[in-house]
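What you see is a predicted model; the values in this text were computed from it and never measured.
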Amino acid sequence: MAPDPWLSMFDSTCHIAQEIAEKIQERNQCQRNGENSTKLNVTIRSLLQNLKVKIDQLKDLLLRAISTRQITQLEGDRRQNLVDDLLTRQRQLQASYKNDGTEPDVIRSSLMTGGVKRGVTNPWLLEETEETSGLGFGEIRQQQQRIIQEQDAGLDALSSVLSRQKQMGQEIGNELEEQNEIIDDLTNLVANTDDKLRSQTRHVKMVDKKSTSCGMLVVIVLLLIAIAVVAVWPTH
C-alpha cells in the first residue's frame, strides 16, 4: 500500500518540532555557558516558521480530504486530533523560544512535560514507556507508522463490514418491494374475482325471475286453451 502523503508530511512536521526542541535546549545551554547563541536563534526562528507552514498545509490537506470523502469521518477526527496536538506543541515551542533562556529549568520542564506552569500535559513528550525505552527517533517513528498502518487496516475492515451491511440492506429492500408487488397483484385479482361473482349472481337472479314468469304464462295459456275447448265441445 502506497504511503499516505498526509501521514508522510505529518511525520516530517513532527521531526521539525523535535528538532526545534533540541535546538532550544542547545541554545539555552550555550547561554548558561556564556557562549554566543545568535546562530542558533536564527536557526530556531527559521524552523518555527517552517513548522507553522507545515501545520497550515496539514490543516488544508485534511480539510480537503474530509470534504471530498477521501478518508472516513473517524480517520478525519483522528487526524484532526494530531493537528491539534501539533498546534499545542508549536505554541509551547514558540513560548520557550521567546523566554530566551532566562528560565532554563522551567523551559526544560516545559519542553519535557508540556508546560508545568500552565498545568498542560504535552502529548509529545510524556514519560517514556517500556516499549519505546532505548529506541532512537527513527525507530520510534517506524513504530508510530506501524501503529498507524494497523489502525488503517482496522478502519478498512470496518469499512468493508459497513459496505456488506449496506448491500444486505439494499437486497432486503428489493425483496420487500417484490413481495409488495405480488401482494398488490393478489389484491387486484381477488377484487376482480369478487366483482365477477357479484355480476354472475345478479345474472342468475334475473334468469330465475324470468323462468318463473315464463312458467306462469305457460299455465295461463294452457288454462285458456282448456276453457276454449270446453266451450266449443258439443253438448248432447
Quiz prompt | Residue list, side chain to side chain donor-acceptor pair (under 3.5 Å) with Ser67, at least two apart or on another chain | solution = none
Quiz item: Rest of the hydrophobic cluster containing Val42 (Ile/Leu/Val/Met/Phe/Trp/Tyr, side-chain heavy atoms under 4.5 Å)?
Solution: none
Quiz item: When you look at Phe10 and Leu86, which way does the side chain to side chain contact (heavy atoms under 4.5 Å, CB included) test go after all the steps?
Solution: CA-CA 9 Å; Phe10 174 78; Leu86 268 176; 3.7 Å; yes
Self-check item: Separation of Leu63 CG from Arg79 CZ (nearest 0.5 Å)
Solution: 13.5 Å
Quiz item: Taking only residues two or more places apart in sequence or in another chain, which ones pass salt bridge (charged side-chain N to carboxylate O under 4.0 Å, His left out) with Arg64?
Solution: none
Practice problem: State which residues pass side chain to side chain donor-acceptor pair (under 3.5 Å) with Glu19; sequence neighbours excluded, sorted by chain then number. | Solution: none
Practice problem: Can you measure from CZ (Arg27) to CD1 (Ile44) and round to the nearest 0.5 angstrom? | Solution: 5.0 Å
Quiz prompt | Check against salt bridge (Lys or Arg N to Asp or Glu O under 4.0 Å), Lys59 and Asp84 | solution = CA-CA 10 Å; Lys59 290 193 292 186; Asp84 292 341; over 6 Å; no
Quiz item: Does some side-chain heavy atom of Trp6 sit less than 4.5 Å from a side-chain heavy atom of Val83?
Solution: yes
Exercise. Report yes or no: do Ile66 and Leu155 belong to one cluster of Ile/Leu/Val/Met/Phe/Trp/Tyr joined by side chain heavy-atom distances under 4.5 Å?
Key: no
Quiz item: Do Ile71 and Leu62 have side chains that get closer than 4.5 Å, going by heavy atoms?
Solution: yes
Exercise. Determine, step by step, whether Thr13 and Met9 satisfy the side chain to side chain contact (heavy atoms under 4.5 Å, CB included) criterion, reporting the C-alpha distance in whole Å, the side-chain angles of both residues, the deciding distance to 0.1 Å, and the verdict.
Key: CA-CA 6 Å; Thr13 307; Met9 181 178 291; 4.1 Å; yes
Quiz item: Where do Ser37 and Gln31 come nearest, in terms of heavy atoms and distance?
Solution: OG-NE2, 3.3 Å
Exercise. Please name all residues satisfying salt bridge (charged side-chain N to carboxylate O under 4.0 Å, His left out) with Arg69, sequence neighbours left out, ordered by chain then number.
Key: none
Exercise. Considering only Ile, Leu, Val, Met, Phe, Trp and Tyr, and joining two whenever side-chain heavy atoms are under 4.5 Å apart, list the other residues clustered with Leu40.
Key: none
Self-check item: Option among Ile24, Thr43, Val53, Leu93 that satisfies the side chain to side chain contact (heavy atoms under 4.5 Å, CB included) test with Leu48
Solution: Leu93
Quiz item: Quick one: do the Arg91 and Gln94 side chains pair a donor with an acceptor below 3.5 Å?
Solution: no
Quiz item: Going by the salt bridge (Lys or Arg N to Asp or Glu O under 4.0 Å) test, which pairs reach into residues 165-176, not counting sequence neighbours?
Solution: none
Quiz item: Residues in side-chain contact (heavy atoms from CB on, under 4.5 Å) with Asp77, at least two apart?
Solution: Gln73
Quiz item: Apart from Leu176 itself, which Ile, Leu, Val, Met, Phe, Trp or Tyr residues share its cluster (side-chain heavy atoms under 4.5 Å, direct or through members)?
Solution: Ile172
Self-check item: Distance, nearest 0.5 Å, that separates CG of Leu82 from SG of Cys14
Solution: 7.5 Å
Practice problem: Would you please name every residue forming a side chain to side chain donor-acceptor pair (under 3.5 Å) with Thr68, sequence neighbours left out? | Solution: Gln70
Quiz item: Who pairs with Lys52 by side chain to side chain donor-acceptor pair (under 3.5 Å), at least two apart in sequence or on another chain?
Solution: Asp56
Self-check item: From CG (Asn50) to CD1 (Ile16), nearest 0.5 Å
Solution: 4.0 Å
Quiz item: Would you say the side-chain atoms of Asn33 pair up with the backbone N or O of Glu35, donor to acceptor, closer than 3.5 Å?
Solution: no
Quiz item: Once you round to the nearest 0.5 Å, how far does CD1 of Ile20 lie from OG of Ser46?
Solution: 9.0 Å
Quiz prompt | Any side-chain donor near an acceptor of the partner, Arg45 and Tyr97, under 3.5 Å | solution = yes
Quiz item: Out of curiosity, Gln92 CD to Thr88 OG1, how far, rounded to the nearest 0.5 Å?
Solution: 6.5 Å
Quiz item: Do you reckon Leu51 sits in the same ILVMFWY cluster as Leu87, going by side-chain contacts under 4.5 Å, direct or chained?
Solution: yes
Practice problem: Find out whether Gln57 and Lys54 are in side-chain contact, i.e. whether some heavy atom of one side chain is under 4.5 Å from a heavy atom of the other. | Solution: yes
Practice problem: Tell me who clusters with Leu186, hydrophobic residues only, linked when side chains sit under 4.5 Å apart either directly or through other members. | Solution: Ile182
